[in-house]
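Naming: A, B, ... by sequence-line order, numbering from 1 per chain.
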Number of protein chains: 2
Amino acid sequence: MSTKKTSLKDIAQRAGVSMALVSYVLNGKEKESRVGQEIASKIKQIAKELHYQPNHLAKSLRSGKTHTIGLIIADISNPFFANIARVVEDEAKRNGYTVIIGSSDENAEKSRDLLNVLINRQVDGFIIVSSENSAEQVRDLQEKNIPFVLLDRYFPDIETDFVSTDHYQAAYNAGAHLVKNGYKRIGMIAYDSQLFHMQERIRGYVEALTDQHVPFQKHWLKQIRISAIEQGVKAAIDEMLAAKQPIDSIVFATYSLAITGLKYINELSLNVPDDLAIVSFGQAEAFDLYYCPITYVKQPIGLLGKTAVEFLMKKLKHPQTEPSQILMNAELIIRASSKTKQPVHT
Amino acid sequence: MSTKKTSLKDIAQRAGVSMALVSYVLNGKEKESRVGQEIASKIKQIAKELHYQPNHLAKSLRSGKTHTIGLIIADISNPFFANIARVVEDEAKRNGYTVIIGSSDENAEKSRDLLNVLINRQVDGFIIVSSENSAEQVRDLQEKNIPFVLLDRYFPDIETDFVSTDHYQAAYNAGAHLVKNGYKRIGMIAYDSQLFHMQERIRGYVEALTDQHVPFQKHWLKQIRISAIEQGVKAAIDEMLAAKQPIDSIVFATYSLAITGLKYINELSLNVPDDLAIVSFGQAEAFDLYYCPITYVKQPIGLLGKTAVEFLMKKLKHPQTEPSQILMNAELIIRASSKTKQPVHT
DNA sequence: CTTTATTGCTTAAACGATTAAGCAAATGAA
DNA sequence: TTCATTTGCTTAATCGTTTAAGCAATAAAG
């Protein structure tokens, strides 16, 4: 019943040899370290009998490597991030790494806390979905020479590794698609955030309209404070519909905004797409099951996550190489919610 | 630029004292260890200057406590588990613990791997959503005296800590609700799993029908192999509808089954609830946004997660106490998808 | 003016691993 | 026979921390 974990020392004692030998054998360095055949198999035998499992802490303390990476995301209960997390988890495991996930709630302070906690726990590196005003944190990591890869969002004026969707292009496609399908007054509901990916989504949307000769109206764009989503979205939709020229379609810049917006649109008994066409960022079952399946921007989640891990692994092996950067294309999945506009007066 | 992390030794050297003193001071044991006022503040000062951050690995190695808990769930990309994970993350943080999440995919082998990896990493304890055939793993943990709390699912014949929904009651309510609302032929689509929670859901459903004088028909219950959900669900629905007496309502025993089922029901252009009423376990935006909002069993996710952490903390403090066990009530959220049946022939 | 307590600090072992360096004995070469 | 090499193993330092034990010097008590 005395379940003391067995250590190298225990094995060494039983085998009547030094710990060093045991270590060599159990790490497969029998040849290099010229361990005798006989004693080697004896050691292995004993290790098996005692169910020896190495203590990762001790290994890490010695080696300086924990084989652990920190994944900072906005919120694990958001399906986009949950999916990312799953991919990262699997990819990391394939590489012999364990992942510690932390949710920042898009909040720079929480994000800093998480970074600190995980740095103290000696993670080898980070994959980070940055929150607003966290540029300084990124610079900190660089100064401390802690390897990291930015995911989904990056800072155009800081040279880092990153893996991101081309948010500009994605939003551009979304906007252009609505124009092509006959919509004339196209709103966007986005976050009131300086984060580059959000700015890019807005820019893409605006430029798509402009390029397609639908002159963008300032009041078509509503930016919601992240701290009051529901309130903000409702107000935005109300205003958009109350205008003299009410909008006929909305691009939601994120999944959360879309969910909140769609619930409200349901409450208002508006019909999608006849009263209001919808295109959204994000992807989830909710969009598939909506009475009128939602057209959405499908980010290459699997590839994003995989590549982020890959870049980080590269960085961990060769810390001094040039940053790896990649911008991936999102696919616009076209569904009924944005179908060609039916003229109101035939 | 030489960013060697600062250690106790560095501070000790700078202050011209021994490491012990530094350790005492920085751990707030100045009084007990009779450290001089002056030197104490000098040490604190230097620690601040050098941005000292303790190395958690070393601490843990010494103390045998990592302040880390392992959370084993089926799949982080499933919203139910993602939400649980979020709650556990936050609660753990409040208690000064870090969480490592692992997805088992309902697979005993993966689950064992995860346990082993995390045990080697010296987590202090586990919160586990058990997968099928993992009773042996649970017994192993008990033998090794590793603290853990089972979440959502438990083994009735193993005495452990657990926190679970009363799945029987929840399913009973779901079934009874459909009967009360006039449905006569009530199917259930569940997993083909021996896991107790699934058996309980099935038992609850069957007994609800029986108690309400709707004699349960064997072919109303379809059990799907978890390895072929889509195929299985489609076949199940097909069979249910092809019967001489086609069913008029379905209870989905899990969120994933419901999502798959609803997609298929949409494909078939069946109308909910007129052609087929629906009640499901699980909860997610998808259910709210469905054209006909889905009646569902709402498990007390927040409380489940919180309590699981609480139980684990208790176990970590007092390993030898009696197991804490709790069964919580789920709430049936009644929506349009199960509304009172309209007679077909008026 | 001893003896005893108290104060302020240091020493060193320990946690569990890794690994460079070194030492004897056995073997090979000259 | 003698020196060099190879083989098989041990010693001990190290990673960064904690903490029991001990040692002087000073203060308090007798």
Side-chain angles (χ1 to χ4, degrees), chain A residues 3-44 46-47 50-68 96 119-124, chain B residues 3-44 46-47 50-68 117 119-124:
Chain A
T3 331
K4 280 304 273 172
K5 287 210 66 179
T6 77
S7 68
L8 280 193
K9 201 193 247 171
D10 302 325
I11 300 179
Q13 269 164 2
R14 263 243 217 168
V17 298
S18 71
M19 288 168 56
L21 263 206
V22 181
S23 174
Y24 290 135
V25 170
L26 297 183
N27 287 296
K29 308 204 173 161
E30 323 173 23
K31 304 281 135 145
E32 305 98 293
S33 305
R34 312 166 313 211
V35 183
Q37 287 274 314
E38 237 171 295
I39 201 69
S41 44
K42 183 174 178 189
I43 287 172
K44 285 184 199 160
I46 294 180
L50 299 186
H51 301 109
Y52 173 71
Q53 295 291 128
N55 181 321
H56 224 278
L57 290 176
K59 272 183 133 91
S60 296
L61 181 57
R62 184 84 222 294
S63 68
K65 300 276 150 238
T66 54
H67 282 249
T68 303
I119 289 172
N120 291 357
R121 285 176 182 262
Q122 315 295 125
V123 299
D124 292 340
Chain B
T3 331
K4 279 306 272 173
K5 287 210 66 180
T6 77
S7 69
L8 282 192
K9 201 194 246 171
D10 302 324
I11 300 180
Q13 270 164 2
R14 264 245 217 167
V17 299
S18 71
M19 288 167 56
L21 264 205
V22 181
S23 174
Y24 289 134
V25 170
L26 297 183
N27 287 296
K29 307 203 173 161
E30 322 173 23
K31 304 281 133 137
E32 306 96 293
S33 305
R34 310 167 314 209
V35 182
Q37 285 272 317
E38 237 172 295
I39 200 70
S41 43
K42 182 173 178 189
I43 287 173
K44 285 185 200 158
I46 294 180
L50 298 186
H51 301 109
Y52 173 71
Q53 295 292 128
N55 182 322
H56 224 279
L57 288 177
K59 270 184 134 93
S60 296
L61 181 57
R62 184 85 220 295
S63 68
K65 300 274 150 238
T66 54
H67 283 251
T68 304
V117 168
I119 289 172
N120 291 357
R121 286 177 180 259
Q122 314 297 125
V123 300
D124 293 340

In whole Å, what is the span from the [atom1] atom of [X] to the [atom2] atom of [N]?
X: B:Glu32; N: C:dT6; atom1: CD; atom2: C1'; answer: 16 Å
X: A:Arg62; N: D:dA12; atom1: CZ; atom2: P; answer: 16 Å
X: B:Gln13; N: C:dC9; atom1: CD; atom2: P; answer: 18 Å
X: B:Arg34; N: C:dA5; atom1: CZ; atom2: C1'; answer: 11 Å
X: B:Lys31; N: C:dG8; atom1: NZ; atom2: P; answer: 11 Å
X: B:Ile39; N: C:dT10; atom1: CD1; atom2: C1'; answer: 13 Å
X: B:Lys59; N: D:dT18; atom1: NZ; atom2: P; answer: 4 Å
X: A:Lys65; N: D:dT14; atom1: NZ; atom2: P; answer: 20 Å

A:Glu38 atom CD, over 12 foreign heavy atoms within 6.0 Å: no
Heavy atoms of other groups near A:Glu32 CD, more than 12 under 6.0 Å: yes
Between [options], spot the one nearest the side chain of [X], thanks.
X: B:Ala20; options: C:dT18, D:dT11, C:dT10; value: C:dT10
X: A:Leu8; options: C:dT11, D:dG16, C:dA17; value: C:dA17
X: B:Leu21; options: D:dT17, C:dC9, C:dG16; value: C:dC9

With side chains defined as the heavy atoms from C-beta onward, is the minimum distance between B:Asn55 and A:Leu61 less than 4.5 Å? yes
For a 4.5 angstrom cut-off between non-hydrogen side-chain atoms, does B:Arg121 reach A:Thr68? yes
Please find the pair of heavy atoms, one from [X] and one from [Y], that lie closest to each other, and give the distance.
X: A:Lys5; Y: A:Asp10; answer: O-OD2, 3.6 Å
X: B:Glu30; Y: B:Ala40; answer: OE1-CB, 3.7 Å
X: A:Leu50; Y: A:Thr6; answer: O-CG2, 3.2 Å

Using only side-chain N and O atoms of [X], determine if any of them is under 4.0 Å from OP1 or OP2 of [N].
X: B:Lys5; N: D:dG16; value: no
X: B:Tyr24; N: C:dT7; value: no
X: B:Ser23; N: D:dT18; value: yes
X: A:Lys29; N: C:dT19; value: yes
X: B:Asn55; N: D:dC15; value: no
X: A:Lys9; N: C:dA17; value: no

Checking side chain to side chain contact (heavy atoms under 4.5 Å, CB included) for the pair B:Val22/B:Ile46: CA distance, chi angles, key distance, verdict? CA-CA 10 Å; B:Val22 181; B:Ile46 294 180; over 6 Å; no
Checking all strands, does A:Leu57 fall into the base, sugar-phosphate, or nothing category for heavy-atom contacts under 4.0 angstrom? nothing
A:Ser7 near the nucleic acid: base, sugar-phosphate alone, or nothing, with a heavy-atom cut-off under 4.0 Å? sugar-phosphate
All stems that DNA chain D takes part in, i.e. 3 or more consecutive Watson-Crick or G-U pairs with distances under 3.5 Å, are C:1-30 with D:1-30
